[in-house]
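The basis for the numbers below is simple: all heavy atoms, side chains too, and nothing from hydrogens, waters or symmetry mates. These figures come from a predicted structure and were not determined experimentally.
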Amino acid sequence: MRISERVDNAIRFMAELASGELAEVDGGAVKAEPIATRQGISLKYLLDITRDLKRAELIRSKRGPTGGFTLSRDASSISLAEVFRAVDGPLADVHDESLRGLSYPAPAEALPEVWMAVRGSLRRVLEEVSLTDLVSGSLHTDILSLAADYRTATEQRHPR
């Protein structure tokens with residue numbers, strides 16, 4: 001599984017909007033340039049990402065001196081999965097095939113079940129975490145547990 005730079009940047013952009021820290025007035029729109037600078041993302045690339053986010057109706061834009069970007073709805077109702085899908089499509093794609101119709105001959109006949117489990121696991125994590133959770137750092141205990149398991153396994157494979 002590979003998380004694309006595009007998805008990573010889109011989620012960081014959305015987190016900036018959710019935090020409101022760069023808004024010139026409380027609850028106001030945030031310009032893309034300060035977000036791009038703070039997050040170290042090319043402005044041109046970031047503006048390209050905003051087109052996908054607008055098309056998915058996750059953000060709104062306003063032109064003019066008080067313009068910029070705002071979330072289209074409350075940050076607590078926008079999951080990381082929605083942002084992921086808006087810019088990169090399905091969470092786990094197997095060569096553009098529907099997992100329900102995928103089948104392999106033996107000895108790999110159980111592989112579609114594995115791919116379904118991978119997609120289900122990603123969905124469980126990314127749909128559970130909202131922008132509010134991300135910005136506040138209040139991740140659910142099952143998410144924190146998965147991250148801790150990963151750290152432990154990584155440290156065991158690659159001791160210092």
Side-chain angles (χ1 to χ4, degrees), residues 1-22 29-30 32 35-36 38-42 45-61 68-158:
M1 175 67 206
R2 182 178 172 274
I3 306 295
S4 71
E5 179 181 7
R6 190 171 182 82
V7 166
D8 185 60
N9 289 339
I11 291 173
R12 290 165 44 212
F13 172 79
M14 295 292 283
E16 287 284 6
L17 293 183
S19 78
E21 291 176 12
L22 296 174
V30 180
I35 294 175
R38 183 159 142 168
Q39 291 295 324
I41 303 169
S42 155
Y45 188 48
L46 187 59
L47 291 173
D48 185 50
I49 291 169
T50 63
R51 284 192 282 283
D52 291 335
L53 296 171
K54 284 191 330 191
R55 193 174 309 117
E57 299 180 354
L58 295 176
I59 61 170
R60 292 188 195 109
S61 63
F69 296 94
T70 58
L71 297 176
S72 63
R73 58 184 199 267
D74 190 76
S76 65
S77 71
I78 299 175
S79 72
L80 300 189
E82 288 181 89
V83 180
F84 190 115
R85 289 183 188 111
V87 299
D88 236 18
L91 297 180
D93 204 14
V94 180
H95 49 79
D96 297 328
E97 296 276 335
S98 167
L99 294 183
R100 287 175 295 198
L102 197 60
S103 66
Y104 300 110
E109 60 196 338
L111 193 53
E113 298 295 321
V114 173
W115 297 149
M116 287 180 204
V118 167
R119 184 179 282 175
S121 297
L122 284 171
R123 182 180 293 155
R124 186 176 300 137
V125 170
L126 295 174
E127 286 182 351
E128 187 171 319
V129 179
S130 72
L131 291 174
T132 298
D133 298 332
L134 179 65
V135 170
S136 69
S138 301
L139 301 177
H140 301 125
T141 55
D142 53 335
I143 304 295
L144 295 173
S145 177
L146 285 169
D149 290 348
Y150 174 83
R151 274 190 208 94
T152 300
T154 300
E155 288 168 4
Q156 288 172 350
R157 279 194 311 272
H158 307 286

Would you name the heavy atoms of [X] and [Y] that are closest together and state the gap between them?
X	Y	answer
V87	A10	CG1-CB, 3.9 Å
T50	I59	O-CD1, 3.7 Å
A32	L47	CB-CD2, 3.7 Å
P112	E109	CD-O, 3.3 Å
S72	R60	O-NH2, 2.9 Å
K54	S61	NZ-OG, 3.2 Å

Would you check, one step at a time, whether the test side chain to side chain contact (heavy atoms under 4.5 Å, CB included) holds for D52 with R6? CA-CA 11 Å; D52 291 335; R6 190 171 182 82; 2.5 Å; yes

Mind checking the [atom1]-[atom2] spacing from [X] to [Y]? Nearest 0.5 Å is all I need.
X	Y	atom1	atom2	answer
R123	M116	CZ	CE	11.0 Å
N9	I41	CG	CD1	3.5 Å
L58	F69	CG	CZ	13.0 Å
L53	L17	CG	CG	8.5 Å
F84	D8	CZ	CG	11.0 Å
L80	I143	CG	CD1	9.0 Å

Is it the case that over 12 heavy atoms from other parts of the model lie below 6.0 angstrom from the CD atom of E57?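 Counting other residues, nucleotides and ligands, CD of E57 stays at 12 neighbours or fewer.
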
R124 CZ: over 12 foreign heavy atoms closer than 6.0 Å: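 Count not over threshold, so no.
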
W115/L102 under side chain to side chain contact (heavy atoms under 4.5 Å, CB included): CA gap, chis, key distance, verdict: CA-CA 10 Å; W115 297 149; L102 197 60; 3.8 Å; yes

May I have all residue pairs that pass salt bridge (charged side-chain N to carboxylate O under 4.0 Å, His left out) and include part of residues 128-148, sequence neighbours excluded?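 Listed once each, the pairs would be none.
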
Looking at [Y], is its backbone amide N or carbonyl O close enough to the side chain of [X] to form a donor-acceptor pair, meaning the two atoms are under 3.5 Å apart?
X	Y	value
S76	T132	no
T152	A148	yes
E82	S79	yes

